[in-house]
Amino acid sequence: MKDSRPTPSRVVTTPTLQARATLSADYSAPGPDSGALATPNGPVNGRTGPFRGQVVPGFSGVVANGDGTFWAMPDNGFGSKANSADFLLRVYEVAPDFETGRRGGGSGTIDVERFISLRDPDHKIKTKIVNEDTTDRLLTGADFDIESIVRQPDGTFWIGEEFGPYLLHVSKSGKLLSAPVPFVGGKSPDNPTLAAGETPAIGSSRGFEAMAGSKDGRYLYPILEGALNADADKRRRLVYEFDTKKQRYTGTTWAYETDTDANFVGDAHLVGPKKLVVLERDNFDGAQAVTKRVYDVDLNRRENGFARKRLKVDLLQIANPERIGTTTSPGAYGVGANFSFAFQSTETVVPLSGGRYLFANDNNYPGNAARYPGRPDDTEMIIVGFPKVRTDAPANRLIGHRGASGYRPEHTLASYELAIRQCADYIEPDVVPTKDGKLVARHEPNITDTTDVSTHPEFADRKTTKTIDGSTQTGWFTEDFTLAELRTLRTKERLPQLRTDNTAFDGLYPIPTLDEVFDLALHSRTCAGKPVGVAPETKHPTYFASIGLPTDAALLKELKAHGWTKKSDPVVIQSFETTNLKSLAKKSRLPLIQLVDCSGAPYDLKAAGEATTYADLVTPAGLRGIKRYADQVALCKDRMIPRDADGRLLAPTTAISDAHRVGLRVTGWTFRRENQFLPLQFRSSTVAAEVGDLDGEINAFLDAGMDDFFTDNPDVGQEARS
């Protein structure tokens, strides 16, 4: 039967691992012992300071020499002024012997050949430094937090740092050439000139993590890692222009928007006139990571007031057909047929010849352990190419139900992002409003079971009892919180007894705004290289309208802001009610889906005293009525193939063929892999939480004629439809 469901192929640019090399986390360069204060509370990943010699805690900035070697710069050492006074600021020349997976490939190790020490023998720095009274005046991690580096045509370096933040100009040998240039926008809390009572302009360690430079050396483009303290928009990161000839800021700035407010700008390079590649990251590693992405950014083009960005590569999903690293790092997280660069501090992107890019990590020695829990991460350098690969584009549309909610807490950016990586064509946010009318993604307004709200004493008095669609509920509700208040909460798994693995992500992620969900889709691509679609569901429209928080108009406004207004756009708006869909059909050209439950009736009709049930909607006459205002119908699975008393699938009904006859596309919901949700013949055991044959169930419905489907497990759905 699978042959009746064609899967046309497409040619897709596929980020592919071409080379990898590592430097042992425990490598130490010559010099005095370091890290005496790095582990004040005892061992971290089995390591306790002080460490012999000068550790190399990863790379925060890298410059390609064009001959296979690189200048690689660690940051300030151990994370703060207080613990890094014994860490000497250096730039190391390294020679990776890259493993390529092919004959003739190297050992996969990085050789450290030499280094230059940053120093201030000419007393350009007017504030006191650690080595104040020495001849060389070697700079340390208590003096500056160096993060980004640009080489000038004359061989000198400009370095961006975070304590000031300052721009430092050093010679080929590392000598400071002029006084540190202070940030035009203010000071950080770590600035040595911050006066008592003076308000910092940016947060600690939120300075110049990233800095690009023009090819001719005239201009630098430092980018703030975090938002300005006074900026109400915490997703805004400012890009500045600095004239190296005049040694002053030009006054020109641009705004870059991160995927979410907690993300950081890790690195940037200029690749064309006012065109950047920007590395954006979150603060998680391993399986918890959500954002390790590189975007093409055009400063000359704007979208909603920000520089336009388009996805270049998701570093959590790199093809690895040569299985690079699988022998040298056996069993490591993210090292397999799909390669994941899931380090907390992924902070380096370097364009190479042939359209390739090099990436490196800062391993925060000895703190990060993304590859092997309990063992400090090595420093890695990888090269990624972008070959064109022919891939299938299945005809059946796969919708990530609340994201990939079978693997991550539902309605989080982590869940949506994973769904995209698992080849979902669309992601589905359920839409509910806040007290101040902002739209967020939650399955229900009652957030008791999906957030940690019950642990927040400041919100104890918000617990209440409400009647929604005729059902009485007690708990905490989104409409009683402002967006700012909701963002202080963290999400958790809704079905902890059934999906115990998902509880490992409890307490990590905030409730996403609808704007963030739409931005994620807009800035992503499906496995088939197409734009990622969104399938927002308007939750309880009658109820929210009754309390003065109608959502339809706000939803259309949000969709329009993201450029989605046409029938052909990758959007489908859903509702279990009929009245709001009929209203939306008059106001918008976007496709609409009528959701049909297994029992009961649309609440809007019930509230109006009408007798129409969901069963009536799937009769031939009912489906003809739906076709007058909607484009698709999304049926509860039992409407398509019912089950007997034991839970075994019976013969299909005529619902699918009846819908097709009137021109409605049919979507089925919801496909989940746990035995509790599966028909009897596809269960693996009598244990509800164990995984059964979801592939088999999906194929039974596809064979019955279902067009598209919602699933909590997009990876299984992708395999089933391919």
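The analysis underlying the following values was restricted to heavy atoms, covering all of them including side chains, and did not include hydrogens, waters or symmetry mates.
Electrostatic pairing of Asp425 and Lys530 does not count as a salt bridge here, judged by no charged N lying under 4.0 Å from a carboxylate O. Look at Lys567 and Asp631 and you find a salt bridge, because one of the NZ, NE, NH1 or NH2 atoms lies within 4.0 Å of a carboxylate O, short of that distance. With respect to the salt-bridge test (charged N to carboxylate O, under 4.0 angstrom), the residues Glu516 and Arg487 qualify. We find that Glu537 and Lys539 are joined by a salt bridge, their nearest charged nitrogen and carboxylate oxygen being less than 4.0 Å apart. At a threshold of 4.0 Å, the pair Arg499-Asp712 counts as salt-bridged, since one of the basic side-chain nitrogens sits closer than that to a carboxylate oxygen. Ion pairing between a basic and an acidic side chain is recognised when a charged N comes within 4.0 Å of a carboxylate O; Lys492 and Asp449 show no such pairing. Ionic pairing of Asp314 and Arg525 is not present here: no N-O contact between side-chain nitrogen and carboxylate oxygen is shorter than 4.0 angstrom. In this structure, Glu225 does not pair ionically with Arg237, as no charged nitrogen and carboxylate oxygen lie closer than 4.0 Å.
Every residue meeting the side chain to side chain contact (heavy atoms under 4.5 Å, CB included) condition with Ala419, not counting sequence neighbours, appears here in chain and number order: Ala404, Ala424, Ile427, Pro714. Partners of Gln676 according to the side chain to side chain contact (heavy atoms under 4.5 Å, CB included) rule, which considers only residues two or more places apart in sequence or in another chain, are Leu498, Ala688. With sequence neighbours left out, Phe576 forms a ring pair (Phe, Tyr, Trp, His ring centres under 6.0 Å) with Trp669. Partners of Arg442 by side-chain hydrogen bond (donor to acceptor under 3.5 Å, both in side chains), not counting sequence neighbours, listed by chain and number: Thr450. Ser685 meets the side chain to side chain contact (heavy atoms under 4.5 Å, CB included) test with Asn675, Val687, Glu690; sequence neighbours excluded. Applying the side-chain hydrogen bond (donor to acceptor under 3.5 Å, both in side chains) criterion to Arg683, with sequence neighbours excluded, gives no partner residue.
Here the shortest heavy-atom pairing between Val431 and Pro536 reads CG2-CB, 3.9 Å. The minimum heavy-atom distance between Ser405 and Ser415, with the atom names listed, is N-OG, 3.5 Å. The two residues Ala289 and Arg421 come nearest to each other via the heavy atoms O-NH2, 4.3 Å. Nearest approach of Leu398 to Cys423, heavy atoms of both residues: CD1-O, 4.3 Å. Residues Gln574 and Ala535 approach most closely at NE2-O, 2.7 Å, considering heavy atoms. Here the closest heavy-atom approach between residue Leu279 and residue Glu347 is recorded as CD1-C, 4.3 Å.
Residues Tyr614 and Leu595 have side chains not in contact (no heavy-atom distance under 4.5 Å, counting atoms from C-beta outward). The side-chain heavy atoms of Leu702 and Arg721, taken from C-beta on, include a pair separated by under 4.5 Å.
The aromatic rings of Phe710 and His401 sit perpendicular to each other, their planes meeting at more than 60°, with 30° as the lower class boundary. Ring pair Tyr543/His540 is perpendicular by interplanar angle, where above 60° counts as perpendicular and below 30° as parallel. The aromatic rings of Tyr416 and His411 sit tilted relative to each other, their planes meeting at an angle between 30° and 60°. Aromatic ring orientation, Phe343 versus Phe341: perpendicular (interplanar angle above 60°, classes split at 30° and 60°).
Between Arg402 and the choices Glu493, Glu410, Glu444, the salt bridge (charged side-chain N to carboxylate O under 4.0 Å, His left out) rule is met once, by Glu410. Exactly one of Arg293, Lys292, Lys309 qualifies for a salt bridge (charged side-chain N to carboxylate O under 4.0 Å, His left out) with Glu280. That residue is Lys309.
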side-chain hydrogen bond (donor to acceptor under 3.5 Å, both in side chains) assessment of Ser9 paired with Arg390: CA-CA 6 Å; Ser9 63; Arg390 188 167 291 279; 3.1 Å; yes

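Aromatic rings from Trp476 and Phe481 are positioned such that their centres are separated by 6.0 Å or more. In this structure, Phe505 has its ring center no closer than 6.0 Å to that of Tyr407.
If you check the side chains of Asn304 and His562, you find no donor sitting under 3.5 Å from an acceptor. Between the side chains of Asp282 and Tyr509, not a single donor N or O lies within less than 3.5 Å of an accepting N or O.
Thr538 contributes no side-chain N or O that, together with a main-chain N or O of Pro541, makes up a donor-acceptor pair within less than 3.5 Å. Between the side chain of Gln632 and the main chain of Leu592, no donor-acceptor pair closer than 3.5 Å is present.
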